[in-house]
Every structure is written in C-alpha cells, then in structure tokens.
Amino acid sequence: MARVAIRYPRNGNTFISFLAFPRCNAEFSHSASVITPRDYSSSPSNTSISIKGKLRVSNRFENVKCFDDAVSVFRQMVREQPLPSPVSFSKLLKIMVNMKHYSDVVSLFGEMQKLGIPTNEFILSIVINSYCLMHRADLGFSVLAIFFKTGIPFNVVTFNTLIGGLFAENKVKDAVHLFKKLTRENICEPNEVMYATVMNGLSKRGHTGKIFSLLRLMEQGSTKPDTCIYNIVIDALCKDRMLDDAINLLNEMKQKGVPPDIITYSSLIDGLCKFGQWEYVRTMFDEMVNLNIYPTVYTFSIVINGLCKEGKAEDAEEIMRHMIRKGVEPTVVTYNAIVDGYRLRGQMDRARRIFDSMIDKSIEPNIISYNTLINGYCKKKKLDEAMQLFLEISRKGFKPDIFTYNIILQGLLGVGRSDTAQKFFADMLSAGQRPDFCTHSILLVGYFKNGLVEEAMSLFHKLEREGEDNDIELYNIVIDGLCKNGKLDKAYAIFEKLSLIGLHPNVIVYTTMINGFCLEGLLDEAKDMLRKMEDDGCLPDNVTYNVIMQGFLRSNRIGETRAFLKEMTGKTFPFDTTTTELLIDVIAKDPSLLDMIPEFHPEKKK
DNA sequence: TTAGGGTTAG
C-alpha cells in the first residue's frame, strides 16, 4: 500500500463543467420525479401491521413525543396485569436512548429490576449502550453480571456495544484486546458489525495500515467484508491522501460483487475535492448516477465544502441552488460551509447574509455557524462584532464550546488586547470550560507575540508541573517565543533539555533554533546547528534552508551565501518570498550571483 | 426490539 502521488488530468475549467452535471442532470432529474428524497430510505412503515394486538402496542409508543411521555408510559406499563412483554420495555427504553436520556434509561432499568420485571438480552444491550454513551464503559461491563445471574446468553451485540464504548473513551488498546480475546477464545464469532466497529475505531485514530490488514484478513475468513467495511477502509485511505488505493479498492469491491453505495462515493468525492480533482469528481458523479445511486445532502455538502475551500463560494452557492431544484434540502452543515467560504475570502458581509438567509429558511444555526462567523470577524480584527456574536450565543440558548473560546482568545491576542484576553480566559475557566492543547498554544503564542514573556513562561511552567507539556510543538512555541523576545540563552537551555525529558527535536524545532541564532547574527552557531541536525538524522527541509539563507543574506556574508545557494539549489529547495526579496537586493549589488540561481534564467527553466 | 460507514469551525 504505497503512498503514491496521484496524477490525474487537470482541466482549468473543471468546476464550471462540473456545474453542468451533463449526465447526472439527465439521470437525476428523471429519477427525481420518481424517487423523492423521502424514498431514499425505504424502511417499511410500522402502521401497516395488521394484527390487532401489535397495532395497539405500536400506537402506544407512537404517542411518545418527549421524555415525560416516555416516563408516563413506563409508569402505566409497570402497573399493567399481565405485565407487557420485555419486547415492549425494550422498545420504550430504546426510544429514551434516542432522546439521549441515558441516565434515565439506567434508572428505569433499576426500577424494573426492583419490581422483578423479566429482562432479556435486548434490554441489557440497551442498558450497556446507555452506559457507553455516558462514557462509562466500566459500568457497562458491570451489566455482564446480570447475564450470568439470569442465565441470559451473551451475544455479539453485547460485546460489540462494549467495544464501541471503549473506543468512545479512547481506550483503543482495551477495545482491541477485547476484540482479540473474543475471537481467540471463541467467546463469540465477530460479525461484519463488530469488524466495522473495530476498524472504524482504529481508522479514526490514524491506523489505516491496520484496518487494511484487517480487511485482507476478513476476505480470507468466513465473515466477508460488506459495503460498510469497504466504506470504512476507502474513507480512511482518502483521509490519508491515498486516493489511488481508495479508487483501486472501489474497483476491487465492484469486482467481488460488493455493491458500492452513496457513502462509498461520498467518501471518494470528498477525497477528490480535497485534492482539487474536479474532473474526477464529475466522473465519480456520473459513475454513481449510472449505478442508480443518487447524491444526498451529504454528497452535495461535501462538494460545496470542497469548492468553498478553493475560494469558489459562488460556485458552491450555485450547487446549493442546484440541489434544491433537485429536491434535496440543504442543512446547517451546507450553509456553514458556504459561510466559511466567504469568511475565507474575507467577505464578512456576504458571509453574514448567507448566515441570515439560513435563519430566514428556518434552519437553526448551530455552534459551528457562530464559531465560523466569529472566526471571520476575529481574522478581520473586528473584535467588537465577534464579541457581540459571542454574547448572542448564550442569548439564543446555546453554549460556547472550546472552539469559540479559542477563536476569541486568538483574536484578542492577535490585536494586542492581552488584558482582555487574560480576563476572557479567566471567564472561560469560571464557565467550567477546560482548556485544551490549542488553548495553551494560542495563549503561549499570543503572550510571546505581545512581549508578555513572564506570563508565557508562568503558563509554560504550570503546564510542566501538571505534566501537560509532553508535546514537542509546545516546546517549539516556547523556544521560538524566547528567541523572538531576545532570550536566546533561555531558548537554547530549553532546547538542550529536550532529549533529557524524552522529547526529540524535530525539523521544526531545529529550524526554530537556527532562526534564533540567525536573528542574533550568530551565523556560525546556526551553521553548526544545521550540521548537528543532519548528524542526528533529522534532515533539514526547505524552511530550514530559507531561514539560514535569509540569515546569510541579511548579514551580507556573500561567500557563504554563495555556498548555501549552491547547496539549496542542488537539493531543489524553492526560495520563499522573503528569501527571494533579499536575493534580489543582493543580486542588484553583485550580479555574479545570478548565475547560481537557475530559476532566475527563463531559458534555463525546466 | 439491541451494535457499524460519508459533510462544517480553533
């Protein structure tokens, strides 16, 4: 499974031709009159049950619209004689899970046990799932005792629910261990769903190689991979930028008779959008529609997001109008992508229009909508507008999340309002919001940028004490901040300490240190550091060379500049804007340097 | 009647 760079044909006008959807339009508009979005999910309606008794039971739950309804039905059920079947109780508890009343499910189950109401494996699985959804897989495991006590046999669902719960708590090793134990000791035969749970848990944590091996293992075993399994692997490959492998897998599943579905194509389309491969996006749409698989709001939102990220928000809007014409209604996610599209281009007035038009269409904005707008205002340094929106979040009954706080902290520090930022951070802590890694990075970068070295170092030492400093990125921020505040000695001392605490400097940290030396005009030390990193097996990249090149250019050491130019062009590292500007100044004084720069000679260009 | 897959913000 090699990471091969894909080379697809490029077409300068691809997104416009994509808009035309020539084949898709014909097929889709034809089908739209027959298959409405509602028909995409073809589950049979419960009301068609003709047996009288079953109809009565079904109606009882149809009237349950809220939590209070559910509880009153429960009270009524426990009083009935004879008692309703465990099937009825399991249906009611499942309705409460769907309402996200997990702890209430557990309480009602406790009442059932006290009353001696018989239970079954379905009810027990629902209870385990409720614990898992509360991020208490440990309590989920404790339910296993009830299986032993009552003699109800475990099934694959019981264990799969627990495996999913472990992944949800990021207990990856425990989840994999349980899966292996079940398989090895023949406690239960894993089915497609269990493989999917394990593979999805692994893929979300970047273990694409492992899930690829699991796929191959499944192909050899008795539980053959289904569409869902292939979808997990294809999505992971796309997210890992291995589009060639993902497309090969699509062809492989088709060859093996496993039919791809809308999720398969949506994952691939997302990958292709993120690579800007618009011609291939269209090919996928055509292929999909030829197989009678029609785009959903997910698929369209993926394309809309891809266009917005490429700065083509108007085209994204055109796609949104197109999907509405085809009977697919946009959601808050669709609108958020477009709001962000205009935000990226700095068109905040347009972004605000889009935002308001969503509200006009009775689509409720979510916290991401607010965060996107707030981020836009912060980037434009319009902190008052950002704070207005922040206040609106609570007024509208939402709760700011860690993204909201981080965006505003970065905004405040970015315009030098350090005092307000510190007060805002204190408010965030009082509101019960725990800072995350990003918060700490934002604060450190911001403090150093505003010359608040003491505040930065005090936060850094606090993180050290609390053991939350185990990240090389954090150290890079501190080393960089110290260098840029004229504290090279302190920065170097921390750099030297790194390997003692088990953190190894990477190319970014070495480059930061080299930059620190260059800023002080200590070019020999910078050069020594470059050689040291090479000796340590950490290869310098184009940023490293640009940094050191700028150091030499700024101090007019032309002889060494010449040597580094040779080294840099030999490695085909490109010059960044700053290096180019400095080079132009130096070449104006010494045109002989021009010969060493192939890029500057049009006739020598490749 | 219980468990699995695709989109948005720092």
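Residue numbers begin at 1 in each chain, while the letters A, B, ... track the order of the sequences.
Between the side chain of A:N155 and the base of B:dA3, no donor-acceptor pair under 3.5 Å is found. Within 3.5 Å, a donor on the side chain of A:T296 pairs with an acceptor on the base of B:dG6, or the reverse. Contact of A:D226 with B:dG4 (side chain to base): a donor-acceptor pair of N or O atoms is detected under 3.5 Å.
Closest to the A:K274 side chain, of the nucleotides B:dT1, B:dG4, B:dT7, is B:dT7. Taking only side-chain atoms of A:N200, from C-beta outward, the nucleotide of B:dG4, B:dA9, B:dT8 with the closest atom is B:dG4. Across B:dG6, B:dA3, B:dT8, the shortest atom-to-atom separation from the side chain of A:N366 is found for B:dT8. Among B:dA9, B:dT2, B:dA3, the nucleotide with an atom closest to any side-chain atom of A:D401 is B:dA9. For A:R343, the side-chain atoms get nearest to B:dA9 when compared with the rest of B:dT2, B:dA9, B:dG6. Relative to the side chain of A:S125, the nucleotides B:dT2, B:dG4, B:dT1 differ in distance, and B:dT2 lies closest. Across B:dG4, B:dG6, B:dT1, the shortest atom-to-atom separation from the side chain of A:T197 is found for B:dG4. Considering only the side chain of A:D270, B:dT7 comes nearest among B:dT1, B:dT7, B:dA3. Listed candidates were B:dA3, B:dA9, B:dG4. Nearest to the side chain of A:A196 is B:dG4. Of the candidate nucleotides B:dG6, B:dA3, B:dT1, B:dT1 has the atom lying nearest to any side-chain atom of A:K91.
Panel note: side chain A:R205, backbone A:G201; a donor-acceptor pair is recorded below 3.5 Å.
Within the nucleic acid shown, A:T331 has no heavy atom closer than 4.0 Å to any nucleic acid atom. If you check every strand for non-hydrogen atoms under 4.0 Å, A:I402 touches a base. The residue A:I229 sits close to a base: some heavy atom pair falls under 4.0 Å. Using a 4.0 Å heavy-atom cutoff across all strands shown, A:I262 reaches at least one base atom of the nucleic acid.
A:K399 NZ: 12 or fewer foreign heavy atoms inside a 6.0 Å radius.
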When the side chains of residues 127-145 of chain A are checked against the rest of the protein, which donor-acceptor pairs come out under 3.5 Å, sequence neighbours left out?
residue	atom	partner	partner atom	Å
A:S130	OG	A:I126	O	2.9
A:R136	NE	A:D138	OD1	3.0
A:R136	NE	A:D138	OD2	3.4
A:R136	NH2	A:D138	OD2	2.8
A:S142	OG	A:L139	O	2.4

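One finds no side-chain N or O of A:K309 lying less than 4.0 angstrom from the OP1 or OP2 phosphate oxygen of B:dT7. Taking side-chain N and O atoms only, A:K379 has no distance below 4.0 Å to OP1 or OP2 of B:dA9. Put simply, A:N305 has a side-chain N or O that comes within less than 4.0 Å of OP1 or OP2 on B:dT8. For B:dA3, one of the phosphate oxygens OP1 or OP2 lies less than 4.0 angstrom from a side-chain nitrogen or oxygen of A:K94.
The shortest non-hydrogen separation linking A:P260 to A:Y265 is CB-CE1, 3.8 Å.
Checked options A:Y370, A:Y342, A:Y335; the residue passing with A:F355 is A:Y370 (criterion: ring pair (Phe, Tyr, Trp, His ring centres under 6.0 Å)).
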